[in-house]
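Throughout, a chain's letter reflects where its sequence line sits, starting with A, and its residues are numbered from 1.
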Amino acid sequence: MTEKKKCCSSCCCQEESLGKQMTLAELPVGTTATIVKVMPKIRGRKKFADVGLVVGSELLMEAHAPLGSLIRVKVMETSMALHKDDAANFVIEQGTRDEK
Amino acid sequence: MKNKYRVALAGNPNCGKTCIFNALTGTRQHVGNYPGVTVESKSGTFTFENIEIELIDLPGVYSLSSSSPEEEVAFNELTAPGIDLIINVVDSTIPQRSLYLTTQLAELHIPMLLAFNMSDDARKKGMKYNIPRLEKYFGSPIVQTVASQTGGVRGLLDRLVQTLSELEDHGVPMLTYGADIDDAINAVAEKIEALNVERLRHVPARFFAIKLLEHDSAAMRIPEFESVFEEVEEQIKHLWEKHAINADTFMADRRYAMLAGACRDTISMTQERRREISDKIDLVLTNRYLGLPIFLLIMYVTFWFTFTCSEPLMGYIETFFGFLADSIGKTWSPEKVPFLRSMIIDGVIGGVGGVIVFLPNILFLFFAIAILEDSGYMSRAAFIMDGIMRTFGLQGRSFVPLVLGFGCTVPAIMATRTIESDRDRAVTIMVLPLMSCSARLPIYALLIPAFFAGCQATVMFLIYVIGIIAALVAALVMKNTLFKGDGEVYLMELPPYRMPTLKSLLLHMWDRSRMYLHKAGTVILAASIILYICNTFPQKKAEEFSRNYDAEIASVREKNAFGPVRLSLAENLPGLSKEQIAEVKKERHLTPELLEAVDMKKLSLLQKKLVQSASETNDAVKALENARKAEAMAWTISGRIGHALVPLMRPIGFDWHATTATIGALAAKEVFVSQLGILFSQGEADENSHSLRTILVRTYTPLQAFCMMLFCLLSIPCLATLAIIRKELNSWKMALIEGCAMFALAYTVSFIVYQGGMLLNIGTKMLG
């Protein structure tokens, strides 16, 4: 557990130096976004990629689970549930191509 | 053209693949497990136009990346030789997502047939497909299906036969990863080609080259490829340095890009997509505030449905087994092979019947679960419960099995199959037996009214809470020891709500119930026979008994036999039939059966006295018979083991009676009560036996009774549980660890409570 925390904090530090960027974990419910970067240290990178969580994918934050840290994201027409810890590894830009 | 083919059915989870499988094979299915993993394997055979087709239902996967046991199974099945055709089921409402797997399947160069399923939904959504164009992209024929409707797969069958007849000239997919990556793939593929591995000859080298570049674990494990690793790393480095490409995920990126192009080219949307009904339902069902109460309500309705529907059926089954035992007892005279006779009547029918009684429960329960699963609600339930369960090192999907554990551990363990993560599933299975199952209820129902009359509900509640706490703590401990680490990444699809089809519900229910029946036919059968033998042998010979019971019984009977006066009084008792009166004359006594027939309300004073003395005689005879039974019991294997284990069990407050009963309870916990009954000379007792309670109160302190309940609660519920744990975790070791760990836990807790209670003088005073 401690190892993971260390990794997360180091990622965030890196991010801060790059300027304020939003991650999937912070996306408000009901808004859309596009993935612009996937953190290199993410666990299960391939698993996420296989369901369409890749750079350029458009997302819709559908809901937060009651209690706990699950979020529900619509990607490629499918609702996927994942943890906020993992979601924090996806850097996003709010809005989608269509909207712009 | 051959007349026998092997066809693999592949597709994403929730794409309607199982529906197609059921529609094609019907009930001619074989369900099993892949060796070494907990993934279910399914295959079925059907004949169409004189062609025999063996259909293999691969587990639902998003990709062939071997990042989950399901994907590894699919990878191994598809790279093994002998598959003539792949039917790839595609959810046509979400083509981009579903075709991702198709791009990888196409690389295998096994002829493929694409089934665009749920085409009715896609049409409703306003999606139009240019099928001939799509067929070119994937080099495979495409057929549109609606598997949930009868006749919706007819087109698939026709096309299947046609495709099988043209296997030789299937097309080549026109999918590429772009020049930079293709160069790397070709370089690695050449090296693989040069290895010339005989057993992998049927799979294109390009497929393995792509997998190796992706660092796919299943491909990396193929020993022949070790010599290629150097080239692979070289190419990955090259891609990274020259083109800044991270091969791990770039394949996924490119595949999706490829598909985006293909889909733009071939699929058109004619109308703006409306917000789907499914999403509207979810606004309520997974609402942050309403979600939890609604979930609890649905759980309540599920259990209510299960128990209400199954109760009358259970009654019938009980009656049936009672009737069976009776009629065997009547037709098989006690003189002929008496041992086998009583083993079948008492051992086998009692043991197996006791398990089959729960079958209606299991059937309805799994029917209800199948509705929840097939409709798509189960994953919502997991979504809602995840937060709470994770606090204890479990996850959302663990909740339903844990609640089922209050009913019966065996089906509850079977219900853990919905948990995708192997590790979470193992932890859930291991802690499940700590939830107080209904077989333990008779023990509490016997002991609590006897020892804790003033606070029955509180003690009962306390016992259940102790079980829950023990399970949650055990889960936490296991997560931090045996199953340490972060485990698998949690990623779960929430499929749109769908109306389940009756056929798939019934098949689902039958699959699981069959396993339960299988268990009753094997493990329970064996256990009941062994237990019967242990409880019966060695038999004490008549001369070995400390007293001559037969003579004593005879003398009691003789002493109280009716003289002429009392006999005439007895013959005129109200309520007796002619045969019964004849029996009274013969016996010169009122046996318990005869007494039952007497109409007690219409007795004269003298008759009352007569009846009273007769029942006193009966009690005396019964007491002698029971004393003989207890003595015989002490002489048997069970009794001896019980005596031998007393030094071990005394520190937790058990005497030899309780110890022996515990051994019997290994087969099933409710046996504890009937064993105690036998041991305390009360004959066949049940939890309502008043006389047994009286004796228990005179023998044990409340503290001892409480420790007995604790021990029964925390030790393994029955041998069938161990058997099912072995089966579901595919490991004798885990089953053994579970059995020992639960014994250790039960012993330690009872020890602490008993010794602590003795020290502090709590509950050490006899009540009787």
**Message:** Less than 4.5 Å to any heavy atom of chain A: does that hold for the side chain of B/Asn12, its backbone, both, or neither?
**Reply:**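 Contact with chain A is absent: no heavy atom of B/Asn12 under 4.5 Å.
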**Prompt:** Any side-chain heavy atom of B/Met251 within less than 4.5 Å of one from A/Lys46?
**Reply:** no
**Prompt:** Looking at side-chain heavy atoms only, is the closest gap between B/Tyr490 and A/Leu70 below 4.5 Å?
**Reply:**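 Yes. Closest side-chain heavy atoms under 4.5 Å.
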To the nearest 0.5 Å, what is the distance between [atom1] ([X]) and [atom2] ([Y])?
| X | Y | atom1 | atom2 | result |
| --- | --- | --- | --- | --- |
| B/Arg380 | A/Ser79 | CZ | OG | 6.5 Å |
| A/Glu62 | B/Asp282 | CD | CG | 7.5 Å |
| B/Met492 | A/Arg72 | CE | CZ | 9.0 Å |
| B/Thr286 | A/His64 | OG1 | NE2 | 12.0 Å |
| A/Thr78 | B/Gln96 | OG1 | CD | 10.0 Å |
| B/Leu101 | A/Asp50 | CG | CG | 9.5 Å |

**Message:** Taking A/Ser57's backbone N and O only, do any of them form a donor-acceptor pair with B/Tyr256's side chain (distance below 3.5 Å, no angle check)?
**Reply:** no
**Item:** SB check A/Lys47 B/Glu71 (cutoff 4.0 Å)
**Value:** no
**Asked** Any idea which of B/Ile388, B/Thr391, B/Asn287, B/Ile94 has the most non-hydrogen atom pairs under 4.5 angstrom with chain A?
**Response** B/Ile94
**Request:** For B/Glu493, check salt bridge (charged side-chain N to carboxylate O under 4.0 Å, His left out) against everything at least two apart and list the hits.
**Result:**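 Salt bridge (charged side-chain N to carboxylate O under 4.0 Å, His left out) list for B/Glu493, sorted by chain: empty.
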**Message:** Restricting to non-hydrogen atoms, name the atom on B/Phe383 and the atom on A/Ala81 that form the minimum distance, rounded to 0.1 Å.
**Reply:** CD1-CB, 3.8 Å
